Amino acid sequence: MRNRFGFVAAVAAFSSIVAAQEVADQWRYTLEQPQGAWQAPAFDDAGWKSGAGGFGTAGTPNARVGTEWRTKTIWLRKRFTLAGALLKPALLVYHDEDAELFINGQPALSLKGYVTEYKVFPLKEEQRALLKTGENVLAVHCRQ
């Protein structure tokens with residue numbers, strides 16, 4: 001499989017998913033194992049690179065590639081602001097191979113294997129509780 005990873009932080013309603021794939025979002029990322037609690041909101045990622053999502057190789061079918069990624073692992077962080085509670089929060093993910101996702105430093109999803117198109121993961125009650133009004137941090141580790 002090619003390295004592929006695409007991600008949109010949160011979607012207010014499932015009907016927004018198609019439009020969400022077109023969003024040019026910015027991430028902080030590193031290709032080297034970070035030290036400390038890299039998924040925590042207070043973690044200083046200023047030394048990380050910045051790139052547009054998704055991360056992977058050009059030509060991967062059904063993927064939106066904004067930043068080329070060809071290594072075995074990648075760590076990503078994205079800050080986003082919520083004005084209030086979302087009606088149906090979900091994560092839109094395209095991954096190859098395993099991916100771990102954290103919301104505000106807490107585990108939110110653990111995905112195994114790969115997908116061949118963007119997939120919607122509605123947030124369960126305990127995952128929705130991790131989101132807050134104001135600034136939030138989405139952290140991701142993906143390995144090929």
Side-chain angles (χ1 to χ4, degrees), residues 3-58 60 62-144:
N3 289 342
R4 323 179 263 206
F5 183 82
F7 201 87
V8 176
V11 184
F14 293 115
S15 61
S16 301
I17 291 166
V18 174
Q21 286 183 336
E22 303 304 319
V23 172
D25 55 339
Q26 289 295 308
W27 292 79
R28 304 291 295 179
Y29 72 97
T30 184
L31 304 175
E32 297 179 18
Q33 172 94 37
Q35 298 298 311
W38 64 273
Q39 66 275 50
F43 182 82
D44 182 6
D45 60 16
W48 290 21
K49 296 177 183 178
S50 181
F55 292 78
T57 55
T60 300
N62 303 317
R64 173 176 55 92
V65 178
T67 301
E68 186 171 291
W69 165 47
R70 294 184 177 272
T71 62
K72 294 285 184 189
T73 56
I74 190 168
W75 290 263
L76 304 115
R77 290 172 49 88
K78 177 185 177 72
R79 294 184 184 282
F80 62 99
T81 302
L82 293 178
L86 299 174
L87 293 176
K88 296 181 181 179
L91 299 174
L92 182 63
V93 182
Y94 186 75
H95 66 97
D96 176 16
E97 288 278 327
D98 303 340
E100 300 171 284
L101 295 84
F102 301 84
I103 297 173
N104 293 322
Q106 300 301 311
L109 285 176
S110 181
L111 305 171
K112 301 293 181 194
Y114 66 94
V115 295
T116 57
E117 61 187 21
Y118 286 87
K119 186 172 179 184
V120 175
F121 293 90
L123 296 182
K124 297 176 183 172
E125 188 66 35
E126 62 272 14
Q127 296 162 327
R128 283 190 293 244
L130 300 174
L131 293 169
K132 60 183 181 175
T133 299
E135 187 176 85
N136 293 268
V137 174
L138 182 61
V140 180
H141 173 231
C142 190
R143 73 164 189 83
Q144 173 62 27

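Here the structure is a predicted model, which is why all the values come from computation and not from measurement.
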Where is the tightest heavy-atom contact between [X] and [Y], given as atom of each residue plus distance?
X	Y	value
D25	K78	CB-NZ, 3.1 Å
L109	L91	CD1-CD1, 3.6 Å
N104	L130	ND2-O, 2.7 Å
L76	W38	O-CZ3, 3.9 Å
Y118	L92	CB-CD1, 3.7 Å
S50	Q26	OG-OE1, 3.4 Å

- Query: So, F102 versus W75, ring centres under 6.0 angstrom or not?
  - Reply: no
Give a yes or no on whether the backbone of [Y] and the side-chain of [X] come within a donor-acceptor separation of less than 3.5 Å.
X	Y	value
R28	D45	yes
R79	P41	yes
N136	T81	no
E68	T57	no

Gap between atom [atom2] of [Y] and atom [atom1] of [X] - 0.5 Å precision:
X	Y	atom1	atom2	answer
K112	E97	NZ	CD	10.5 Å
L123	R128	CG	CZ	7.0 Å
R143	H95	CZ	NE2	11.5 Å
H141	L101	NE2	CG	11.5 Å

If you apply the rule side-chain contact (heavy atoms from CB on, under 4.5 Å), what do you find for L111 with F121, and how did you get there? CA-CA 10 Å; L111 305 171; F121 293 90; 3.6 Å; yes
| Donor on one side chain, acceptor on other, T67 and W69, under 3.5 Å | no
Query raised in the report: Parallel, tilted or perpendicular: which fits the ring planes of W27 and F55, with parallel below 30° and perpendicular above 60°?
Result: perpendicular
Would I103 and L138 count as a side-chain contact (heavy atoms from CB on, under 4.5 Å) if you check the C-alpha gap in whole Å, the side-chain angles of each, and the deciding distance to 0.1 Å? CA-CA 5 Å; I103 297 173; L138 182 61; 4.1 Å; yes
_Does E32 have more than 12 heavy atoms from other residues, nucleotides or ligands lying within 6.0 Å of its CD?_
no
task: Determine, step by step, whether R77 and V137 satisfy the side-chain contact (heavy atoms from CB on, under 4.5 Å) criterion, reporting the C-alpha distance in whole Å, the side-chain angles of both residues, the deciding distance to 0.1 Å, and the verdict.
output: CA-CA 7 Å; R77 290 172 49 88; V137 174; 3.9 Å; yes
Query raised in the report: Got L131 and P89 here, is their nearest side-chain heavy-atom distance under 4.5 Å?
Result: yes
Are T116 and D96 close enough, and set up right, to give a side-chain contact (heavy atoms from CB on, under 4.5 Å), and what steps lead you there? CA-CA 9 Å; T116 57; D96 176 16; over 6 Å; no
